[in-house]
Protein chains: 2
Amino acid sequence: MDLVNRPRDPVDTNTRTEALNLLKAKGLYKTRARVAVIGVLLQSDSPMSQDQIAQRLRHRYDRVTIYRTLASLRSAGLVHRAFTGNRTWQFELSRNCWEDQCHPHLTCSRCGKTHCLVGLEPPIACRSYNGFVIHRQQVHFEGICPQCSPCAHTDGH
Amino acid sequence: MDLVNRPRDPVDTNTRTEALNLLKAKGLYKTRARVAVIGVLLQSDSPMSQDQIAQRLRHRYDRVTIYRTLASLRSAGLVHRAFTGNRTWQFELSRNCWEDQCHPHLTCSRCGKTHCLVGLEPPIACRSYNGFVIHRQQVHFEGICPQCSPCAHTDGH
DNA sequence: CGGGAATCTGTAACCTTGTTGCATTTTTCC
DNA sequence: GGAAAAATGCAACAAGGTTACAGATTCCCG
Ligand SMILES: [Mn+2]
Ligand SMILES: [Mn+2]
Ligand SMILES: [Zn+2]
Ligand SMILES: [Zn+2]
């Protein structure tokens, strides 16, 4: 059980405790990979791709393990996916939003990071529209994030 | 020039003429592949993936050719891409909407087809929001299309 | 504790979508 | 008709993601 506390993973004690609590609450096995992945997502303010998570964890875990870890967390409801313009999934914790009703996201064309736009209204259409039954909806933007557009606040627009 | 009229492609005379006109208007080379791809998109009321287009054309053209054909049409402004939940691009003619401001789309979980929801309001956010510069926006739904939900009109919901 | 069942992990192999290089074929225009 | 420009087919490649299976962890209960 103490093997879970692998020192090299970039997860501090508080985050690790929180991750363990989340796993416990869902009745999931407590494994190093899961603690590490949840830790990374807890410390991130934006969704992350499998590759970004793996990099953050210094490739200490196999690609497949990360995918499967995310799948477990997802089916437990702890994590959900957001789709973006490029064809990679972005994963984030299901704290304020869920896979079927998610705030909009913006993917920055310059730095490639996906940001959460929590201030914008998520619901565009209700459960059914014109014969279509709507299960999930997501809004995606492409553009430039504030960090990448220093001219944003000097620009008159 | 008559080689363009390959009889086996599922494109009738009117559609072929329309495709040739579009190519002429944009100053693009008139090739069988382009006429065929435009024809398929003209006859489709919903966006199609490369694979769907290739199937419709009975794999008479190489995958790469279809991709490059779509790239040409796209840079000429005749076609644009919409992204969906799965990681494949969906291509449609740029008639009523464009890549940077597109009506919402719904991908049916049952038949896998992507439908255009032209009645819904496209614009959610303006060009800039809270420091983010927005270049493109797209809304995507997952659900069941009317053809796949016969219970939709008998259901009380 | 200790041991067995259930579950997770790593490795390898595989699939799909999409792109690139290069030689050959078409298209255009004169 | 013939040359330049562009498009095509083929092979190879890359990235994201999934599956199979053997070996390692985790859990639970006595
Ligand atoms: Mn988010
Ligand atoms: Mn559409
Ligand atoms: Zn950025
Ligand atoms: Zn359907």
Side-chain angles (χ1 to χ4, degrees), chain A residues 1-6 9 19-20 23-38 47-55 57-76 78-79 81-91 107 112 114, chain B residues 1-6 9 19-20 23-38 47-55 57-76 78-79 81-91 107 112 114:
Chain A
M1 182 169 289
D2 203 49
L3 287 178
V4 169
N5 300 337
R6 172 138 68 162
D9 285 332
L20 288 172
L23 290 173
K24 187 175 193 177
K26 295 295 181 179
L28 292 176
Y29 276 31
K30 295 168 201 140
T31 70
R32 274 175 299 187
R34 287 180 183 167
V35 172
V37 168
I38 295 180
M48 296 179 77
S49 65
Q50 172 273 325
D51 189 57
Q52 290 172 316
I53 295 171
Q55 274 185 260
L57 294 174
R58 296 180 191 174
H59 298 281
R60 247 192 301 282
Y61 301 94
D62 193 83
R63 220 158 46 94
V64 181
T65 299
I66 299 205
Y67 276 119
R68 279 193 287 225
T69 297
L70 289 165
S72 310
L73 301 178
R74 201 158 81 92
S75 63
L78 288 176
V79 159
R81 296 186 302 190
F83 44 76
T84 60
N86 51 52
R87 54 194 202 294
T88 62
W89 293 112
Q90 302 280 130
F91 298 88
T107 303
T114 295
Chain B
M1 182 171 287
D2 203 47
L3 287 179
V4 170
N5 300 338
R6 173 136 69 162
D9 284 332
L20 288 171
L23 290 172
K24 187 174 195 177
K26 295 294 181 181
L28 292 175
Y29 276 31
K30 294 168 201 142
T31 70
R32 276 175 300 188
R34 287 181 182 166
V35 173
V37 168
I38 295 179
M48 297 178 77
S49 65
Q50 173 273 326
D51 190 58
Q52 290 172 315
I53 295 170
Q55 274 186 261
L57 294 173
R58 296 180 191 174
H59 298 279
R60 247 194 301 282
Y61 302 95
D62 192 83
R63 222 160 44 94
V64 180
T65 299
I66 298 204
Y67 275 118
R68 280 196 280 227
T69 297
L70 288 164
S72 310
L73 300 179
R74 200 158 82 91
S75 63
L78 287 176
V79 159
R81 296 188 301 191
F83 44 74
T84 61
N86 51 54
R87 54 194 202 294
T88 62
W89 293 111
Q90 301 280 130
F91 298 87
T107 303
T114 295

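Lettering follows sequence order; numbering is per chain, from 1.
In this structure, CG on L28(B) lies 7.5 Å from CD1 on I38(B), to the nearest 0.5 angstrom. To the nearest 0.5 Å, atoms OG (S72(B)) and CG (L23(B)) are separated by 9.5 Å. The line from OG1 of T114(B) to CD of Q52(B) is 7.0 Å long, rounded to the nearest 0.5 Å. R32(B) contributes atom CZ, which lies 12.5 Å from atom CG of L57(B) (distance to the nearest 0.5 angstrom).
Between the CG atom of L70(B) and the P atom of dT8(D) there is a distance of 11 Å, given to the nearest Å. Rounding to whole angstrom units, CG of residue D62(B) and C1' of dT19(C) are separated by 12 Å. Whole-Å rounding puts the L20(A) CG to dT25(D) P distance at 18 Å. As a whole-Å value, the separation of H59(A) NE2 from dT9(C) P is 18 Å. Here the C1' atom of nucleotide dC8(C) and the CD1 atom of I66(A) are 14 Å apart, to the nearest Å. The nearest whole Å value for the distance from the NZ atom in K26(A) to the P atom in dT7(C) is 18 Å. Rounded to an integer number of Å, the gap from CD1 of I38(A) to C1' of dC8(C) is 14 Å. Taking atom CZ of R32(A) as the reference point, atom C1' of dG10(C) lies 12 Å away to the nearest angstrom.
Side chain of Y29(A), nearest nucleotide from dC10(D), dT28(C), dT26(D): dT26(D).
Summary of the strand contacts: V64(B) and L28(B) both lie near DNA chain D, and taking for each the nucleotide with the nearest heavy atom, the more 5' one is attributed to L28(B).
Of the side-chain N and O atoms in R34(A), one or more sit less than 4.0 angstrom from OP1 or OP2 of dC8(C). An OP1 or OP2 oxygen of dT8(D) is reached within less than 4.0 angstrom by a side-chain nitrogen or oxygen of T31(B). For T69(A) and dT9(C), the shortest distance from a side-chain N or O to OP1 or OP2 is below 4.0 Å. The side chain of T65(B) places no N or O atom within less than 4.0 Å of a non-bridging phosphate oxygen (OP1 or OP2) of dA7(D).
When atom types are taken as modelled, the side chain of R74(A) and the backbone of R81(A) share no donor-acceptor pair closer than 3.5 angstrom.
Considering all non-hydrogen atoms of both residues, Q90(B) and S49(B) come closest at OE1-CB, 3.6 Å.
I66(B) pairs with exactly one of L70(B), V64(B), D62(B) by the side-chain contact (heavy atoms from CB on, under 4.5 Å) rule, that one being L70(B).
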Protein-nucleotides 14-17 of chain D N/O pairs closer than 3.5 Å?
from, atom 1, to, atom 2, distance (Å)
dG16(D), O3', R87(A), O, 3.4
dG17(D), OP1, W89(A), N, 2.6
dG17(D), OP2, Y67(A), OH, 2.7
dG17(D), O5', Y67(A), OH, 3.2
dG17(D), N7, R63(A), NH1, 2.7
dG17(D), O6, R63(A), NH2, 3.1

